[in-house]
J.: 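Here you go, one structure.
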Amino acid sequence: MLLSSLAKSRKDRWIETMNKLDFKHPSREAWNLLHRLDPNPTRTKTAPKIKPDEFANRIVEMTRATIDKETARKVTMNLKTKKREAMDKSKWAENFNSEEVQIALKSVKCGKAAGLDDIHQEFLKNCDPNTRKWLADFFSDILCSGQLPKLFKTTKVLAALKPEKPNDDIKCYRPISLLSASYKLLERLIYNRISKTIDEVLPQEEAGFRPQRNCCDQVIALTTHVGNGYDKKLKIIVAFVDLFSSYDTVWRKGLLSKFLDVIPCKTLLTLLNNMLSNRQLTVYIGEEKSKTRVLNKGLPQGSVLAPLLFNLYTKDLLQHLPKSSSMRMISPWLLPVLSNIAPPKLRKEHALLQEWKKYANNPFLPIHTDLTASENVPRLKSRQPLWKTARDLTKDNFNISSKWENDGTIENPDNRNLVINPTNKQPGFDLERNTWVILNRIRTGHGRSGHMMYKWKLRDNGTCDCGYESQTINHITTECPIRAFKSTIEDISLRKKKQWNG
């Protein structure tokens with residue numbers, strides 16, 4: 001009796017879990033569950049065959065980049081001069097207030113692992129006004145004194161094996177750094193103050209880790225440059241450079257010197273120098289941990305400030321490149337309708353138009369040189385470069401919803417007229433998943449019917465229980481004397497959630 005009760009309880013919980021799975025909206029939970037249920041033995045985690053101290057030594061070794069002695073001497077002398085000329089107090093070094101803390105907390109991402117202090121991001125994100133005021137005073141004291149709590153400079157590092165790599169090769173492991181949540185909040189406060197100033201001095205060609213910029217910018221710039229060269233019958237040489245351990249090899253004094261060129265504030269410089277020097281890390285692998293190591297070079301992985309500082313550190317690389325260089329580092333119609341997501345072609349055109357608007361609003365980007373040169377160049381009719389498509393879309397006042405609705409009217413393969421407007425959520429969109437799936441199988445005519453099972457070679461024949469030769473979805477729902485609904489397909493499609501649940 002007890003075993004039966006437990007089995008029923010497990011089954012009920014399983015049914016409830018399946019009903020709650022939702023792939024129509026953010027579906028991380030559903031996919032995580034599917035990955036955990038994956039029976040493939042090749043994806044099971046294996047115990048690492050390396051020692052924490054070995055991995056910690058490798059991290060330290062990666063920071064030992066050689067620097068030219070003469071260059072190091074000049075930069076050190078320039079840094080001392082810039083320190084003497086820098087301001088003790090500035091707009092960047094004013095005390096923090098509760099409003100700044102609240103704005104910074106909006107950018108905090110929940111669901112992240114805690115550092116060695118065991119303080120989770122959720123604790124800070126949901127704090128009350130009194131706590132935000134205390135945090136503002138606490139971070140202001142750190143800013144003025146330039147001193148950090150020891151835990152802020154201590155990092156917990158986990159060794160994660162790269163996919164499909166041997167677990168006995170130390171080079172096949174990726175370090176995952178877990179920093180203090182409070183320390184990252186302090187970094188976010190500093191980032192919000194200095195990011196705009198630093199962004200103004202970065203070259204327009206740089207698209208990484210910048211607001212309203214992304215990898216698509218570089219792809220479009222490259223393809224446009226290549227297309228322009230093709231039209232002029234020129235050869236294009238492209239070099240893709242992968243910087244090995246880029247963050248780990250950043251030279252601290254060189255970074256501080258460039259920082260003072262943009263942010264001439266001695267108070268902020270002292271704090272930043274403290275943040276980047278004498279950083280401690282401990283590597284954890286299972287129950288074992290390494291001895292503590294000390295780092296004085298590089299930028300911490302997982303840091304909020306690291307991407308911005310790395311862009312500042314590498315901003316003068318373009319001075320050594322030619323001026324022409326512009327790069328740096330079921331039914332296909334019904335599926336989008338039922339999921340209420342526009343077709344791929346329209347989404348691509350919408351994304352292209354959004355990218356094009358960014359270029360049009362920034363005339364200083366290098367891509368405009370190629371665009372100007374391509375204006376009157378004869379080209380094959382079959383060639384449709386992205387910039388030409390974007391201009392045509394702008395000229396036609398492209399709107400994704402209007403275009404989708406218009407295309408649906410012209411190309412609609414739904415001969416039963418179940419879909420009136422493809423841009424609207426179809427009736428039943430808010431139903432539980434299992435009911436929603438059944439409804440869509442009826443609408444599309446694809447499901448586990450006798451006809452389809454026979455077609456998939458899962459049955460010997462496709463006849464229906466009633467004796468009809470082909471058990472299609474349409475036959476089941478409208479013709480079969482055993483299973484047919486009393487209403488039409490149109491009535492079934494338009495039924496409300498309350499009627500289905502009833």
Side-chain angles (χ1 to χ4, degrees), residues 86-87 89-112 114-115 117 119-125 127 132 135-149 151-153 155 177-203 206-214 246-247 250 252 254-277 279 298-315:
M87 298 176 286
K89 277 289 184 180
S90 66
K91 62 179 181 179
W92 300 290
E94 295 176 354
N95 288 342
F96 298 111
N97 54 53
S98 301
E99 289 73 20
E100 286 182 283
V101 174
Q102 187 171 2
I103 293 172
L105 286 172
K106 290 180 180 179
S107 302
V108 169
K109 296 180 180 179
C110 296
K112 302 292 183 179
D117 56 5
I119 297 178
H120 290 265
Q121 306 279 16
E122 289 82 354
F123 296 165
L124 300 175
K125 197 173 183 70
C127 65
R132 290 198 291 270
L135 286 171
D137 295 338
F138 173 59
F139 292 140
S140 296
D141 290 340
I142 292 176
L143 179 62
C144 294
S145 65
Q147 300 299 316
L148 289 168
L151 269 177
F152 278 21
K153 300 176 66 173
T155 306
S177 301
L178 304 180
L179 302 175
S180 164
S182 304
Y183 172 73
K184 293 175 78 171
L185 180 58
L186 171 62
E187 283 193 314
R188 177 62 63 182
L189 288 168
I190 298 173
Y191 176 90
N192 289 344
R193 284 193 176 182
I194 67 175
S195 59
K196 186 176 180 181
T197 305
I198 292 179
D199 191 69
E200 290 173 353
V201 302
L202 296 180
E206 178 60 72
F209 304 107
R210 299 183 70 178
Q212 307 301 320
R213 303 291 299 279
N214 52 39
S246 53
Y247 277 19
V250 170
R252 178 163 49 90
L255 172 61
L256 295 177
S257 178
K258 293 181 178 181
F259 182 81
L260 278 180
D261 290 337
V262 183
I263 311 287
C265 176
K266 192 179 296 184
T267 302
L268 208 52
L269 178 77
T270 303
L271 178 58
L272 182 60
N273 183 48
N274 197 355
M275 288 171 133
L276 300 179
S277 60
R279 294 183 289 113
L299 297 170
Q301 299 284 344
S303 164
V304 175
L305 283 173
L308 180 68
L309 295 177
F310 184 76
N311 281 348
L312 176 64
Y313 184 69
T314 58
K315 73 180 180 66

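Values below: every heavy atom of this structure, side chains too, minus hydrogens, waters and symmetry copies. Each residue takes its place number in the sequence, starting with 1.
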J.: Quick check against the 3.5 Å criterion: does Arg279 have a side-chain atom that pairs as donor or acceptor with the backbone of Gly298?
T.: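 Here the side-chain-to-backbone pair exists.
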
J.: Decide yes or no for Ser177 and Thr155: does some side-chain heavy atom of the first lie under 4.5 Å from some side-chain heavy atom of the second?
T.: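 Yes, close enough: below the 4.5 Å cut-off.
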
J.: Which heavy atom of Thr267 sits nearest a heavy atom of Leu143, and at what distance?
T.: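 The answer is CG2-O, 3.2 Å.
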
J.: Please step through side-chain contact (heavy atoms from CB on, under 4.5 Å) for the pair Lys89 and Lys266, ending with a clear verdict.
T.: CA-CA 7 Å; Lys89 277 289 184 180; Lys266 192 179 296 184; over 6 Å; no

J.: If we count only N and O atoms by modelled type, under 3.5 Å, do the side chains of Arg252 and Asn273 hold a donor and an acceptor together?
T.: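 There is such a pair (donor and acceptor under 3.5 Å, judged by atom type) between the side chains of Arg252 and Asn273.
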
J.: With rounding to the nearest 0.5 Å, note down the distance linking OG in Ser195 to CG in Leu309.
T.: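 Output value for this atom pair is 11.0 Å.
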
J.: Could you tell me whether the side chain of Asp261 reaches within less than 4.5 Å of the side chain of Val201, counting heavy atoms only?
T.: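 Val201 does not reach Asp261 side chain to side chain.
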
J.: With rounding to the nearest 0.5 Å, note down the distance linking CG in Leu312 to OG1 in Thr197.
T.: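 Those atoms lie 11.0 Å apart.
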
J.: Which atoms form the tightest heavy-atom contact between Lys112 and His120, and what is the distance?
T.: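 Distance-wise, the nearest heavy atoms are O-ND1, 3.8 Å.
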
J.: Can you tell me how far CG of Leu178 sits from NZ of Lys184, rounded to the nearest 0.5 angstrom?
T.: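 Rounded to the nearest 0.5 Å, the NZ-CG separation comes out at 8.5 Å.
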
J.: Return the CG to OH distance between Leu179 and Tyr183, rounded to the nearest 0.5 Å.
T.: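 OH of Tyr183 is found 7.0 Å from CG of Leu179.
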
J.: Can you say whether the rings of Phe310 and Tyr247 are parallel (under 30°), tilted (30 to 60°) or perpendicular (over 60°)?
T.: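 The rings of Phe310 and Tyr247 sit tilted, inter-plane angle from 30° to 60°.
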
J.: Below 4.5 Å, heavy atoms only, C-beta onward: do Leu299 and Leu276 meet side chain to side chain?
T.: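 Yes, at least one pair of side-chain atoms sits under 4.5 Å.
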
J.: So, do Gln147 and Asn274 sit near enough that their side-chain heavy atoms are less than 4.5 Å apart?
T.: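 Result yes, sub-4.5 Å side-chain heavy-atom pair found.
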
J.: Main chain of Phe96, side chain of Ser140: is a donor-acceptor contact present, judged purely on distance under 3.5 Å?
T.: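 Pair found, side chain donor or acceptor close to backbone of Phe96.
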
J.: Check Ser107 against Arg188 and note the closest heavy-atom contact, atom names and distance.
T.: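 For Ser107 and Arg188, the tightest heavy-atom pair comes out as CB-NE, 3.8 Å.
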
J.: Ring-plane angle category for Phe139 and Phe152, please: parallel below 30°, perpendicular beyond 60°, tilted otherwise.
T.: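 Rings of Phe139 and Phe152: tilted, as their planes differ by 30° to 60°.
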
J.: Kindly indicate whether the side chain of Leu272, heavy atoms from C-beta on, has any atom under 4.5 Å from the side chain of Ile190.
T.: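 The answer is no; the side chains never approach within 4.5 Å.
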
J.: Between Glu187 (side chain only) and Val304 (backbone N and O only), is there a donor and an acceptor less than 3.5 Å apart?
T.: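 At least one qualifying donor-acceptor pair exists.
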
J.: Determine the minimum heavy-atom distance between Leu185 and Ala104, stating which atoms define it.
T.: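 Taking Leu185 first and Ala104 second, the nearest heavy atoms are CD1-CB, 3.8 Å.
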
J.: For the pair Leu271 and Ile142, evaluate side-chain contact (heavy atoms from CB on, under 4.5 Å) and give the outcome as yes or no after the intermediate values.
T.: CA-CA 8 Å; Leu271 178 58; Ile142 292 176; 3.8 Å; yes

J.: Hey, does Leu186 have a side-chain heavy atom less than 4.5 Å from the side chain of Leu148?
T.: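 Leu148 vs Leu186: side chains touch.
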
J.: How close do Asp117 and Ser180 get, counting heavy atoms only, and between which atoms?
T.: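 Closest approach of Asp117 to Ser180, heavy atoms only: OD2-OG, 2.6 Å.
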
J.: Look only at the side chain of Lys125 and the backbone of Leu105, and say whether a donor-acceptor pair between them is shorter than 3.5 Å.
T.: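 Confirmed, Lys125 side chain pairs with Leu105 backbone.
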
J.: With heavy-atom distances below 4.5 Å as the criterion, would you say the side chains of Ile194 and Leu308 are in contact?
T.: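 They are in side-chain contact.
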
J.: Is a side-chain donor or acceptor of Glu122 paired with a backbone partner of Gly111 at a separation under 3.5 angstrom?
T.: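 Yes; at least one donor-acceptor contact below 3.5 Å.
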
J.: Thinking salt bridges, do Glu94 and Arg193 make one under a 4.0 Å N-O criterion?
T.: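 So Glu94 does not pair with Arg193 through a salt bridge.
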
J.: Check whether Tyr313 forms a cation-pi arrangement with Lys258 (NZ or CZ under 6.0 Å from the six-membered ring centre, at most 45° off the ring normal).
T.: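 Yes, Lys258 lies over the aromatic ring of Tyr313.
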
J.: Could you grab the distance from atom CG of Leu135 to atom CG of Asn97, nearest 0.5 Å is fine?
T.: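 Going from the CG atom of Leu135 to the CG atom of Asn97 covers 12.5 Å.
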
J.: Looking only at non-hydrogen atoms, find the nearest pair between Val262 and Trp92 and report the distance.
T.: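 Closest heavy-atom pair between Val262 and Trp92: O-CH2, 4.3 Å.
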
J.: Could you walk me through whether Asn192 and Glu100 pass side-chain contact (heavy atoms from CB on, under 4.5 Å), step by step?
T.: CA-CA 9 Å; Asn192 289 344; Glu100 286 182 283; over 6 Å; no

J.: Find out whether Asn95 and Cys144 are in side-chain contact, i.e. whether some heavy atom of one side chain is under 4.5 Å from a heavy atom of the other.
T.: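 In contact.
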
J.: How far does NZ of Lys91 sit from SG of Cys265, to the nearest 0.5 angstrom?
T.: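 Rounded to the nearest 0.5 Å, the NZ-SG separation comes to 11.0 Å.
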
